[in-house]
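Reviewing the structure listed below.
Ligands are counted one by one from 1 in listed order, and the atoms in each one are counted from 1 as well. These values consider heavy atoms only, across backbone and side chains, with no hydrogens, waters or symmetry-generated copies.
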Amino acid sequence: MAHTYDDQNIFAKILRGEIPNSTVLETDHTLAFQDINPLAPVHVLVIPKGAYVSHDHFAAEASEAEIIDFMRATAEVCRMTELSLGVDGDGYRVISNCGADGVQDVPHYHLHVLGGRNLGRMVNTPD
Ligand code: AMP
């Protein structure tokens with residue numbers, strides 16, 4: 001399937017300012033905000049401002065400036081939320097879902113940064 005970007009997705013609307021968000025960090029190319037339905041004490045979404053659908057789409061087609069900005073922003077989110085081992089945090093998990101098998105709900109690339117409790121095993125089997 002192609003990396004077809006739907007500009008009516010909810011994160012596109014957040015980026016256009018059409019719906020509110022609880023911003024954690026904003027940089028030139030990246031926005032981080034609180035997940036509306038947190039699955040852990042810390043649950044922050046990190047998204048590029050560009051129109052990318054998935055991790056591999058972003059990794060293949062984003063500019064170096066976008067990729068560097070995005071990766072540095074994730075580091076800053078881990079520091080700000082005190083999850084980073086570098087600030088004596090207890091660690092975290094980063095997840096990016098893609099497509100049907102990845103059970104991706106919002107088709108704008110995002111990383112989930114989760115932490116604040118033991119997150120259990122990496123992958124659950126479907127019911
Ligand atoms: P995914 O299944 O990986 O696409 O995850 C989408 C995530 O977006 C879910 O964790 C939702 O809780 C979250 N989400 C959906 N709408 C919003 C919103 N308006 N603001 C913040 N997070 C949202």
Side-chain angles (χ1 to χ4, degrees):
M1 198 173 118
H3 294 131
T4 305
Y5 185 80
D6 170 14
D7 70 3
Q8 293 306 305
N9 79 75
I10 197 147
F11 293 170
K13 292 178 180 178
I14 285 175
L15 287 167
R16 290 195 295 267
E18 295 170 6
I19 62 170
N21 75 92
S22 182
T23 298
V24 173
L25 176 69
E26 181 169 9
T27 64
D28 286 350
H29 298 291
T30 305
L31 181 68
F33 53 97
Q34 304 287 354
D35 195 292
I36 204 167
N37 181 28
L39 300 176
V42 175
H43 189 169
V44 176
L45 300 173
V46 187
I47 72 174
K49 292 182 177 177
Y52 303 100
V53 175
S54 66
H55 178 80
D56 67 281
H57 186 205
F58 178 74
E61 297 189 16
S63 69
E64 291 183 10
E66 289 175 297
I67 291 170
I68 291 167
D69 184 280
F70 185 79
M71 294 301 286
R72 297 289 195 219
T74 65
E76 181 63 8
V77 167
C78 292
R79 190 195 65 77
M80 292 171 71
T81 54
E82 301 182 341
L83 300 179
S84 170
L85 304 184
V87 292
D88 289 332
D90 291 325
Y92 56 88
R93 181 169 296 149
V94 172
I95 296 172
S96 185
N97 300 316
C98 175
D101 279 359
V103 194
Q104 180 179 12
D105 291 328
V106 180
H108 180 110
Y109 174 47
H110 51 283
L111 292 183
H112 298 256
V113 178
L114 296 151
R117 65 169 171 82
N118 185 302
L119 296 163
R121 293 279 175 192
M122 189 166 64
V123 176
N124 292 324
T125 52
D127 295 331

- prompt: At what distance is the nearest protein heavy atom to atom 8 (O) of ligand 1, and which residue and atom is it?
  reply: F11 CZ, 3.4 Å
query: Is there a side-chain contact between Q34 and N21 (heavy atoms, below 4.5 Å)?
result: no
message: Distance under 4.0 Å to a non-hydrogen atom of Q34: what atoms of ligand 1 satisfy this?
response: 21 (C)
task: First locate atom CZ of R16, then atom CG of D7, and finally report the distance between them rounded to the nearest 0.5 Å.
output: 5.0 Å
- prompt: At a 4.0 Å threshold, what atoms of ligand 1 neighbour a non-hydrogen atom of N97?
  reply: 1 (P), 2 (O), 3 (O)
message: Distance under 4.0 Å to a non-hydrogen atom of H112: what atoms of ligand 1 satisfy this?
response: 1 (P), 3 (O), 5 (O), 7 (C), 10 (O)
message: For ligand 1, which is the ligand I care about here, please tell me if I36 has any N or O atom under 3.5 Å from one of the ligand's N or O atoms.
response: yes
field: Pair H43-D35, side-chain donor/acceptor within less than 3.5 Å
entry: yes
field: Winner among N37, N9, D35 once heavy atoms are compared against atom 11 (C) of ligand 1
entry: D35
task: Take F70 and Y52, measure what ring-ring contact (aromatic ring centres under 6.0 Å, His included) needs, and give me the verdict at the end.
output: CA-CA 12 Å; F70 185 79; Y52 303 100; 9.4 Å; no
task: Give the atoms of ligand 1, by number and element, whose distance to some non-hydrogen atom of V103 is under 4.0 Å.
output: 2 (O)
query: Hey, is N21 one of the residues with a heavy atom under 4.0 angstrom from ligand 1?
result: no
Polar proximity ligand 1 side, H43 side, N/O cut 3.5 Å exclusive: no
message: Looking at every non-hydrogen atom in both residues, tell me the closest pair between S54 and C98 and how far apart they are.
response: CB-SG, 3.6 Å
message: Can you tell me how far apart CG (L45) and OG (S96) are? Round to the nearest 0.5 Å.
response: 10.0 Å
task: Kindly check if the number of other-residue, nucleotide or ligand heavy atoms within 6.0 Å of CD (E61) is above 12?
output: yes
message: So that I know where these two stand, are H112 and H110 an aromatic pair - ring centroids less than 6.0 Å apart?
response: yes
- request: For H110, take its heavy atoms, then give the atoms of ligand 1 lying under 4.0 Å from any of them.
  value: 1 (P), 3 (O), 4 (O), 5 (O), 6 (C)
message: Considering both backbone and side-chain atoms of L45, is one of its nitrogen or oxygen atoms within less than 3.5 Å of a nitrogen or oxygen in ligand 1?
response: no
task: Output the list of atoms in ligand 1 that are nearer than 4.0 Å to some heavy atom of D105, sorted by atom number.
output: 1 (P), 2 (O), 4 (O)
